[in-house]
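Starting from 1, each residue takes its place in the sequence as its number. Note that these values count all heavy atoms, side chains included, but never hydrogens, waters or copies made by symmetry. In each ligand, atom 1 is the first atom listed, and ligand 1 is the first ligand listed.
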Amino acid sequence: MNKNFIAGEWVDGDSAIENRNPSDISDLIGSYAQASTSQLETALESARAAQKIWARTGLEARQTALMHIGNSLMARADELGELLSREEGKPRAEGRGEVYRAGQFFTYYAAEVLRQIGDNADSVRPDIEIDVRRDPVGVVAVISPWNFPTATAVWKIAPALAFGNAVIWKPANLVPASAVALSEIIAGANLPTGLFNLVMGAGSSIGDALVTSPHIDAITFTGSVETGRRIAAGAITNMTRMQMEMGSKNALAVMDDADIDLAVACAVNGAFGGTGQKCTASSRIIVHDAVYDQFTDKMLAATRALKVGHALEDGTQIGPVVSEGQLSENLDYVALASSEGGEVLCGGERLSMKHDGYYMAPCLIAGTRNDWRINREEMFAPIACIIRASSYQDALDIVNDTPFGLTAGIMTTSLARANHFRRNADTGCVMVNLPTAGTDYHVPFGGRGDSSYGPREQGQYAVDFFTSTKTAYIAVGAVD
Ligand code: NAP
């Protein structure tokens, strides 16, 4: 059984779950311990003690530990990327890319360890100086989703450690193998015993116990809006600091002046990359009336040409969806699209392949309206809906007519429209002539509306969540 990492020890749980490959459900990856609430208490106590040691540890030792973790991830990106693809279902190259990117997050935050510089000022009163510095928050609960099992966790764990905090990590139960692999690397990094803890288990049990615990100081969560709301309601009792990045319903607007081939390439990449299971996926494709038919024909041909297959087989562009439950929800959305009046141009059915897995044909639906449920709710599926717009302004209005606000993109050759869109799309990230998915690690990432709550993640902006500011007043007095 694969174990949890608690107070510096690898420990069994009271029970275990099986982890199977969604590309081939006969492939059992392993069984994974489920942490008990008493083990969680042990993790919380040890994290509290270790955090005090870590906060006093010299900056170079902290920097070296993070650099070691980052370099190990990058060196082992092939092996760990394959494991990630085997349990999550994204094609091998994407799995490898995710692990390598996770390594870059650690080396980036290793450098940030040495850039922790405060402010000082004179008081408005004479002979008083002011020193403004940032202290660690304390013990941070990290809750991550299954779709980017390593990257989402790392873009929380790396800054938490860099800024002097302890971590209790609860990964999604669908992807425990990647969690154990990352934890093994972190366990080998010469951190104080108990500073980093892995507690695997279901969100409704161990996750809930973690986020409602009075012994944590902050929660950083990535997942669905529904879970985010539940966590926020539970955590507010203890006034726990929160950072939440959640779902979305991202739009790509294709203008009449766009390079249509580029627009099709960006739309297909954004809609179906990662089997559409990205918070940044382009699920609403808003197309100007003047190029609607031309764009739709070309996107249909490109969607039909996508190769669906086993995540680890050469040539696979779209892997399986992650689970039977996700697949059945996706098929229900395709049926809903038809009942709402959408025209299913291709895909949308379960595929029978040589391996028994959760395969679905990428689905393109035309003639949809923005007020239909398929364009209001996050589907997290290889399904893209085309919406017709009569003008640039109409397209922008449709882009912004959603409760979410993570990313939005525009395809245009007009500088004026590109600039106007950049400034008026009501989302945390905007893409110009690029897919809505695909972001960097050294700049902030996050959304607006229901997509996001609390301070930004990533880049230097992460410091705001993972530290607490202290303002000290010092009377300088006169010298004899
Ligand atoms: P989810 O069902 O909300 O789960 C996310 C995490 O929360 C999992 O670890 C889950 O554990 C845990 N959890 C569930 N209930 C909990 C509770 N009551 N208390 C504490 N933890 C609880 O989301 P998902 O299906 O894993 O991921 C897909 C969602 O994540 C999509 O909505 C996607 O848009 C979003 N996402 C957002 C971003 C972003 O940066 N904006 C990035 C990636 C994904 P178990 O699953 O083990 O039960």
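Under the side chain to side chain contact (heavy atoms under 4.5 Å, CB included) rule, Cys363 has a single partner from Asn330, Leu345, Val344, Thr303, which is Val344. Screening Asp27, Ile25, Asp24, Asn21 for a side chain to side chain contact (heavy atoms under 4.5 Å, CB included) involving His355 leaves a single residue, Asp24.
If you look at Phe380 and Trp146, their ring centroids are closer than 6.0 Å.
Under 4.0 Å from any atom of ligand 1, one finds heavy atoms of residues Ile143, Ser144, Pro145, Trp146, Asn147, Lys170, Pro171, Ala172, Asn173, Gly201, Ala202, Gly203, Gly207, Asp208, Phe221, Thr222, Gly223, Ser224, Thr227, Arg230, Ile231, Glu245, Met246, Gly247, Cys279, Glu378, Phe380, Leu406, Phe445.
The salt bridge (charged side-chain N to carboxylate O under 4.0 Å, His left out) contacts involving residues 444-463 comprise Lys156-Glu457, Arg229-Asp450, Asp426-Arg448, where partners must be two or more places apart or lie in separate chains.
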Salt bridge (Lys or Arg N to Asp or Glu O under 4.0 Å) assessment of Glu82 paired with Arg96: CA-CA 7 Å; Glu82 180 175 320; Arg96 184 197 183 278; over 6 Å; no
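We find that Arg62 and Glu112 are not joined by a salt bridge, their nearest charged nitrogen and carboxylate oxygen being 4.0 Å or further apart.
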